[in-house]
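All values derive from a computational prediction rather than experimental measurement. Every chain is numbered from 1, with letters handed out A, B, ... down the list of sequences.
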Number of protein chains: 2
Amino acid sequence: MKNSKMKSEEIARIAGVSRSTVSRVINNYSNVPAETRDKVMKVIRDYNYFPSVSAQVLAGKPVRTLGLFLIEPGNVSSDSLTNMLLVSVIENASELGYYILTNIIRDITNTDTVSSVKEMFIQNRIDGGIFIGAAIREPLIDELTAEGYIVGVFDQRQLEYSQPNRIVANFNNDSGMKQSLAYLTGLGHTRIGVINGDMKRLSGQTKYEGFQKAMRMCNLDINPDWVLPGDFHERGGYVAMNTLLNKTSDLPTAIIAANDSVAFGAIRAIKEHGMNVPEDMSIIGFDDHLLSEKYHPALTTIRIDFNEMLRKLTTDVIVKIEKGTTDVIEITIECSLIVRDSCRRI
Amino acid sequence: MKNSKMKSEEIARIAGVSRSTVSRVINNYSNVPAETRDKVMKVIRDYNYFPSVSAQVLAGKPVRTLGLFLIEPGNVSSDSLTNMLLVSVIENASELGYYILTNIIRDITNTDTVSSVKEMFIQNRIDGGIFIGAAIREPLIDELTAEGYIVGVFDQRQLEYSQPNRIVANFNNDSGMKQSLAYLTGLGHTRIGVINGDMKRLSGQTKYEGFQKAMRMCNLDINPDWVLPGDFHERGGYVAMNTLLNKTSDLPTAIIAANDSVAFGAIRAIKEHGMNVPEDMSIIGFDDHLLSEKYHPALTTIRIDFNEMLRKLTTDVIVKIEKGTTDVIEITIECSLIVRDSCRRI
DNA sequence: CTGAAAGCGCTTACAG
DNA sequence: CTGAAAGCGCTTACAG
């Protein structure tokens, strides 16, 4: 049961073959007769031998490790999303035999941070990286892809010139917004407003663009007073709704929030103003947050499958690392309306 | 700004020295004159050179990576603790120049899992590991320490024979329990019960032992009907309290819960029985969970500093890796009562 | 089908 | 103070 000092040479000696053959067995070369393979495998198992990664990597094999970079300025997202996201990436990677080196990036503009991220790639600690929380354009990511490193990014699109080594993943926010508006219109709403997300993020932009398009399709006018800035956080939704309620009595009958946290904030503000949801205002969210179902009122929202998105992104990054194909990959995940109690018929 | 194909040999050539000297500069050897050092450093910076870890490790240096093993059977703890914990470990390690390879262990008895964890150590992917969620005795951890690997474990104590390469960290649960009981006694309670945590975990045991000791010190008798089994989860607290309330009308006036989640569950059950906290029963928790302050009633509890514990544990593991000292380390973190609204004077 | 040998990019006694 | 050389544990053309 010893193993620590086991090396391929020892295995070779015991099995009565050369190191070359041991290596061939480990790397599943086809030109090894079953008999030899079995003999070697037995010794490997008997001695609980695992090859040293460093030696393998130095000899040109992948490290089988991915860097997961969570860009979270300051406030450690205390909600369960980060958790879920991490677990999802780890487990998908693990199924493909890959490990995850996790990094929290508080400030992506900080020189030390930037250089330490690049260091991981250059030192060959990781075969590729996955970025969550990136802005539409991140110089760091651009540099990395320009150098040829393989990177998967949630919430970005391909550059003007598509890069096979930059894999992007998004939800179909356009479709989500259209569903929200279709539903509200069906309920008879025509006075509809929106609380936006962070417009530095692609999803912030595409959601708003989706809103505009959908309003046009429904033949509704956008009232600029009802287009409120936000940031994807509860606090932002609260502030936005407060501003609206304090400014005017000419209110929309329904508000589409950039995500569920924003919706929670908006509802809190509405309640504090002595009004009710959906009686006085209908609210529709985006994400289908864990809490949304349990919230009061239970939140009508657009469900996205974060887990599926990460599974695809992780898998595609790994396949790209191993096969090195030159196809350009853009993952888009559909989303769908979940009707609950936060919208009423007009 | 190129770097990918940079190797120490290139740096040496450009700086006009040998690879040996470049290596000495990188590893901060003292016998390099400032002038030479500066010359070499300049080239290193100019070319954005980072040595290959694989080569360094193969030559005997540490990988500067720690494995973080989260033992979480099935239910991905959706509360924010895992999150906080991860971030805490990552940031502390990062300050010391170490990376974190995260692993979720769903079933620590599973052979494949066990062997993949050992593989990480044997392959030399990590210099050491940190385990969270371990039972009092874990064969896997015992094997690892027996092999000489450096491991930090939360919620375990040293074995009969102390191991310098097993660093254990705990909260002073004894002190916490004593504070809880002192407070309740001060309020005039004598009829005091307890909902236990998971007794397979050391903290489950030490908390209950602390309770017993403290009761003795306060000259109070333990009513076996008021000692309820639990599991550190909300659900467990709920079930325990329901059982108690349904079984008898001879109720305690106060309950100490193994942690705040358990307390939340217990309070939920009490409310469902049409009773109130603290009017009909006082409840005291343990942890000072993020929600405890905001809960209704705000929960009186014992605050523990998870972040401090992990900071010490991570630091000690890294120091042990680098210095290889033979001292036996047992970290104990103090805890303290936070009085809020869930207990009343009798 | 299989072994001997070169090579991966570092570090570190050793010798000077 | 510094260079030449051996060694770390693998993989993979190359030759047979």
Side-chain angles (χ1 to χ4, degrees), chain A residues 2-41 43-44 47-65 119-125 127 322, chain B residues 2-41 43-44 47-65 119-125 127 322:
Chain A
K2 54 186 321 191
N3 46 50
S4 317
K5 58 259 307 271
M6 262 302 152
K7 29 174 150 177
S8 74
E9 198 178 355
E10 276 294 282
I11 300 292
R13 198 180 48 71
I14 298 169
V17 297
S18 71
R19 282 147 67 219
S20 315
T21 300
V22 172
S23 180
R24 288 194 190 97
V25 170
I26 288 171
N27 292 291
N28 262 306
Y29 277 43
S30 53
N31 56 352
V32 183
E35 201 186 343
T36 312
R37 175 179 307 281
D38 293 348
K39 185 173 61 179
V40 174
M41 280 308 288
V43 179
I44 288 180
Y47 287 81
N48 199 222
Y49 166 76
F50 292 104
S52 142
V53 242
S54 316
Q56 290 185 122
V57 173
L58 200 52
K61 313 237 80 169
V63 234
R64 299 185 80 80
T65 303
E119 182 181 352
M120 299 187 65
F121 284 88
I122 298 175
Q123 283 196 321
N124 215 343
R125 274 185 192 274
D127 300 313
E322 301 197 330
Chain B
K2 56 186 315 192
N3 46 51
S4 314
K5 59 257 310 267
M6 261 301 153
K7 29 174 149 178
S8 73
E9 198 177 355
E10 276 293 282
I11 300 292
R13 198 180 48 71
I14 298 168
V17 296
S18 72
R19 283 146 67 218
S20 314
T21 300
V22 171
S23 181
R24 287 192 190 98
V25 169
I26 287 172
N27 292 291
N28 261 307
Y29 276 44
S30 52
N31 56 354
V32 182
E35 200 187 343
T36 312
R37 176 180 307 281
D38 293 348
K39 183 174 62 181
V40 174
M41 280 308 289
V43 179
I44 288 179
Y47 287 82
N48 200 222
Y49 165 75
F50 292 104
S52 142
V53 243
S54 316
Q56 290 186 122
V57 172
L58 200 53
K61 313 237 78 168
V63 233
R64 300 185 80 80
T65 303
E119 182 179 353
M120 300 186 65
F121 285 87
I122 298 174
Q123 282 196 320
N124 216 345
R125 273 183 193 275
D127 300 313
E322 302 197 330

Any non-hydrogen side-chain atom of [X] less than 4.5 Å from a side-chain atom of [Y]?
X: Ser52(A); Y: Leu58(B); answer: yes
X: Tyr49(B); Y: Ile26(B); answer: yes
X: Met6(A); Y: Ile14(A); answer: yes

Just call it for [X]: base, sugar-phosphate, or nothing, with non-hydrogen atoms closer than 4.0 Å on any strand.
X: Ser23(B); value: base
X: Thr36(A); value: sugar-phosphate
X: Ser8(B); value: sugar-phosphate

Among the nucleotides [options], which one has an atom lying closest to any side-chain atom of [X]?
X: Val32(B); options: dT2(D), dA4(C), dG9(D); value: dT2(D)
X: Ser20(B); options: dG9(D), dG7(D), dA4(D); value: dA4(D)
X: Ser52(A); options: dG3(C), dG9(D), dG3(D); value: dG9(D)
X: Tyr49(A); options: dC10(D), dT11(D), dC10(C); value: dC10(D)

Take atom [atom1] of [X] and atom [atom2] of [N], then tell me their distance rounded to the nearest Å.
X: Asn124(B); N: dC10(C); atom1: CG; atom2: P; result: 17 Å
X: Arg19(B); N: dT2(D); atom1: CZ; atom2: P; result: 17 Å
X: Tyr29(B); N: dT2(D); atom1: OH; atom2: P; result: 15 Å
X: Ile44(A); N: dG9(D); atom1: CD1; atom2: P; result: 16 Å
X: Ile122(B); N: dG9(D); atom1: CD1; atom2: C1'; result: 15 Å
X: Leu58(B); N: dC8(C); atom1: CG; atom2: C1'; result: 9 Å
X: Asn31(A); N: dT12(D); atom1: CG; atom2: P; result: 12 Å
X: Asn27(B); N: dC8(D); atom1: CG; atom2: P; result: 18 Å

With a 3.5 Å limit on both atom pairs, tell me what dA4(C) is paired to, counting Watson-Crick and G-U wobble, or say none.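 Here dA4(C) is not engaged in any pair, so there is no nucleotide opposite it.
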Under a 3.5 Å limit on both distances, the Watson-Crick or wobble mate of dA13(C) is none
Checking side chain to side chain donor-acceptor pair (under 3.5 Å) for the pair Arg24(B)/Thr36(B): CA distance, chi angles, key distance, verdict? CA-CA 10 Å; Arg24(B) 287 192 190 98; Thr36(B) 312; over 6 Å; no
5' priority, DNA chain D, between Gly60(B) and Ser18(B) [closest heavy atom]: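 Closest to the 5' end, via its nearest nucleotide, is Ser18(B).
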Taking Arg19(A) first and then Glu10(A), would you say they form a salt bridge - that is, a charged N and a carboxylate O separated by under 4.0 Å? no
